[in-house]
Amino acid sequence: MTSPTDSGPCLAGFTIGVTAARRAEEFSTLLTRRGATVSSAPAIRIIPLADDTELERVTEQLIADPPQITVATTGIGFRGWMEAAEGWGLAEVLRDTLASTRMLARGPKAKGAIRAAELREEWSPASESSAEVLDHLLAEGVEGVRIAVQLHGATTEWEPVPDFCEVLRCAGADVVPVPVYRWEPPADRGPMDAMIESIISGSLDCVTFTSAPAVASMLMRAKETGLLESVLHAFRGRVLAACVGPITAAPLEELGVPTTMPGRARLGALARHVAEELPRRANRIYAAGHLISVRGGCVVVDNEVRQLAPAPMALMRSLARQPGRVVSREDLLAALPGGGDDTHAVETAIARLRAGLGTPKAIQTVVKRGYRLALDAADCSDTPIRGAVQAPPTSGIGTPARSPRPARAIGVW
């Protein structure tokens, strides 16, 4: 099966993992329209707390003793709070209570939710950063000030430290946390397990993350299944981790995983960014007069996508890992799905690989040694794009690798 990529969609031939729980279909459509093959595995599920007695208790407490300042951190969280109050018959009195307070919004989504409730924010940071909200509050002084902070989710060892409320308390504020919703791992772990295996095998070119909890959930599952170091190794190598913004990227960068992100933390911007980055970072190998690029789930030969069966695809990945180097039959046998001890399986898979590529001379037999890609020495431009792949680090979660750049925000997303 072949399809043009030169004049076609810019992501043709690339396979992208989507971990989003909300708006996953919308985001996947943005990628498939650009030609990508999308593998979706929601990493979290959001649990609304409309029936939660703790949220109702806090709401009644704030109505009885109103705060002077209310901080809305997420649009979905603030809307969920108002919807829950509607169900309890408290929406109007809660709206009146909040209208009497000074309202701060962390970003445009929270601002939109405030205005949808017919309320008005006093201030919102241009950076959309909770750190700037905190600095703003501390700069004006919060000692003795009663502050309601709309929270989100749950925390794990990989999420940004949720110290927003604690810092305010240390500065003398009377802080009332508002637990609007929480997140949990998906009920069905099958899709996530399959995505983790695809990351390790290299059959994904990129995995996208739209929230820090999604990153945390995947890391939790990889740790539970004993595959954490293999996942981190893959992300430090050929699998690109694309995050919607710095808060989402922080858990990965704390573990030494390089990430990429758009200038604005928006789904559309993330899709455009991935569409620019993946083609730019794609490997290019010139062999036997042909331009070859090995992708997660296929090989692109002279701008045509060549879909290969698992066995020849596994051999192609092994040969392309060090282009031009001879790979022994034994090593290629170990790379084959299912393994085995019959090297004739390698010869069969090589024959299928040559046929699938449509360029038989690109795979060269080295007598009594193995096989290699027949590089065009004068034209080879297979320069590593993301740096050499290192061996999996010895540091574990308890001693994370240093981040390539520091996290810039506190634990909200």
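We're numbering straight along the sequence, starting at 1. Reckoned from all heavy atoms, side chains included, excluding hydrogens, waters and symmetry mates.
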Could you tell me which residues satisfy side-chain hydrogen bond (donor to acceptor under 3.5 Å, both in side chains) with [X], sequence neighbours excluded, listed by chain and number?
{"X": "R169", "result": "none"}
{"X": "R146", "result": "D174"}
{"X": "R120", "result": "none"}

So for atom [atom1], which belongs to [X], do other residues, nucleotides or ligands contribute more than 12 heavy atoms lying within a distance under 6.0 Å?
{"X": "E140", "atom1": "CD", "answer": "yes"}
{"X": "K111", "atom1": "NZ", "answer": "yes"}
{"X": "E25", "atom1": "CD", "answer": "no"}
{"X": "R352", "atom1": "CZ", "answer": "no"}

Legend entry - Spacing of CG belonging to L252 relative to CZ belonging to F235, to within rounding of 0.5 Å: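 Nearest 0.5 Å value for the CG-CZ distance: 6.5 Å.
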In a table with atom names and distances, give each donor-acceptor pair under 3.5 Å that connects a side chain of residues 90-98 to protein atoms at least two apart or in another chain.
from : atom 1 : to   : atom 2 : distance (Å)
R95  : NE     : A117 : O      : 3.0
T97  : OG1    : V93  : O      : 2.8

Legend entry - With sequence neighbours excluded, residues passing side chain to side chain contact (heavy atoms under 4.5 Å, CB included) with A275: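 A275 satisfies side chain to side chain contact (heavy atoms under 4.5 Å, CB included) with C10, L11, R34 once adjacent residues are dropped.
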Heavy-atom pair of closest approach, residues [X] and [Y]:
{"X": "R79", "Y": "R22", "result": "NH2-NH2, 4.3 Å"}
{"X": "A21", "Y": "P42", "result": "CA-CB, 4.3 Å"}
{"X": "A269", "Y": "P262", "result": "O-CB, 3.6 Å"}
{"X": "L278", "Y": "D205", "result": "CD2-O, 4.0 Å"}

Inset, instruction - For residues 107-147, pull every pair meeting ring-ring contact (aromatic ring centres under 6.0 Å, His included), keeping only residues two or more places apart or in separate chains. - result: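 Listed once each, the pairs are W123-H136.
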Legend entry - Side chains of V176 and V149 in contact at under 4.5 Å (non-hydrogen atoms):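 The answer is no; the side chains never approach within 4.5 Å.
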Legend entry - Evaluation steps, side-chain contact (heavy atoms from CB on, under 4.5 Å), between K109 and I76: CA-CA 8 Å; K109 292 181 181 179; I76 182 177; over 6 Å; no
Inset, instruction - Before giving the answer on side-chain contact (heavy atoms from CB on, under 4.5 Å), spell out for T225 and R189 the whole-Å C-alpha distance, their side-chain angles and the decisive distance to 0.1 Å. - result: CA-CA 11 Å; T225 54; R189 305 294 185 90; over 6 Å; no
